[in-house]
Amino acid sequence: DQTVELEATTDELRRTTERLEVEAEARESALREVTASEMRYRALVDAFAGGIWHTDADGNARDVPESWWRITGQTARQAAAVWLEAVRRARAGEPHVEYEHEYRLLMPAGGSRRVRARGVPVRDAAGQVVEWVGTVTDVEDARAASEALRHSEARYALAARATSQAIYDWEMGTDTV
């Protein structure tokens, strides 16, 4: 009778051990996947030409990635102070919705650059904002190119209106009009 009871207990322990081993392997696999995902995220942040940021629900900087320093030259402490004010101004009136805002950013070597910040809230299951994530992209060169194109098109339109002659575009390399 004790032998049967001992065998039943042994079988139960064996099944429990097997189940725990399967669960442990599943946890280890999940941890490997999360670690790989975190490594991909960090590599993406470092590869991005702009700055990627994230703050707590109130806009206080949590993490100042290397990409932010490359763009601005600001230390984490400097970025946190400047960023908090910029985020609060950008979200004024609508503090819990995504936003996009352009502003001038002072550069470490002097001068400033126009940048575009875009932020989106991260919400918990109840819909409460728990943090913000977003990007900062230098748009100075794109803005300058757009302005130069607009100026060139305006000059072309003025020249076209001022002449009674035909205007055409001749590609000398291919001798095509």
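Starting from 1, each residue takes its place in the sequence as its number.
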Measuring from [X]:[atom1] to [Y]:[atom2], what's the distance to the nearest 0.5 Å?
X: L13; Y: L20; atom1: CG; atom2: CG; result: 10.5 Å
X: L44; Y: M39; atom1: CG; atom2: CE; result: 13.5 Å
X: E21; Y: R19; atom1: CD; atom2: CZ; result: 11.5 Å
X: R14; Y: E7; atom1: CZ; atom2: CD; result: 9.5 Å
X: T17; Y: E12; atom1: OG1; atom2: CD; result: 10.5 Å
X: L105; Y: R116; atom1: CG; atom2: CZ; result: 14.5 Å

Side-chain contact, heavy-atom cut-off 4.5 Å: V133 with V122?
yes
Quick one: does R143's side chain get under 4.5 Å of E102's, heavy atoms only?
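Counting from C-beta outward, R143 and E102 do come under 4.5 Å.
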Only counting residues at least two apart or in another chain, list the ones meeting side chain to side chain contact (heavy atoms under 4.5 Å, CB included) with R113.
M107, D138, E140, D141
Just to verify, what does R155 make a side chain to side chain contact (heavy atoms under 4.5 Å, CB included) with, not counting sequence neighbours?
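With neighbours one apart ignored, the set is H151.
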Main-chain N/O of [Y] paired to [X] side chain as donor or acceptor, under 3.5 Å:
X: S152; Y: A148; value: no
X: T163; Y: A159; value: no
X: T35; Y: L31; value: yes
X: S29; Y: E25; value: no

Salt-bridge criterion met for E18 and R15 (N-O under 4.0 Å):
no
What's the shortest heavy-atom distance between [X] and [Y], and which atoms?
X: V129; Y: P121; result: CG2-CB, 3.8 Å
X: R123; Y: V130; result: C-CG2, 4.3 Å
X: Y103; Y: V136; result: OH-CG2, 4.2 Å
X: W170; Y: D175; result: NE1-OD1, 2.9 Å

Yes or no on side-chain contact (heavy atoms from CB on, under 4.5 Å) for T135 and R118, after CA distance, side-chain angles and deciding distance?
CA-CA 5 Å; T135 60; R118 184 168 190 284; 4.0 Å; yes
Return yes when atom CD of E5 has more than 12 non-hydrogen atoms of other residues, nucleotides or ligands closer than 6.0 Å, and no otherwise.
no
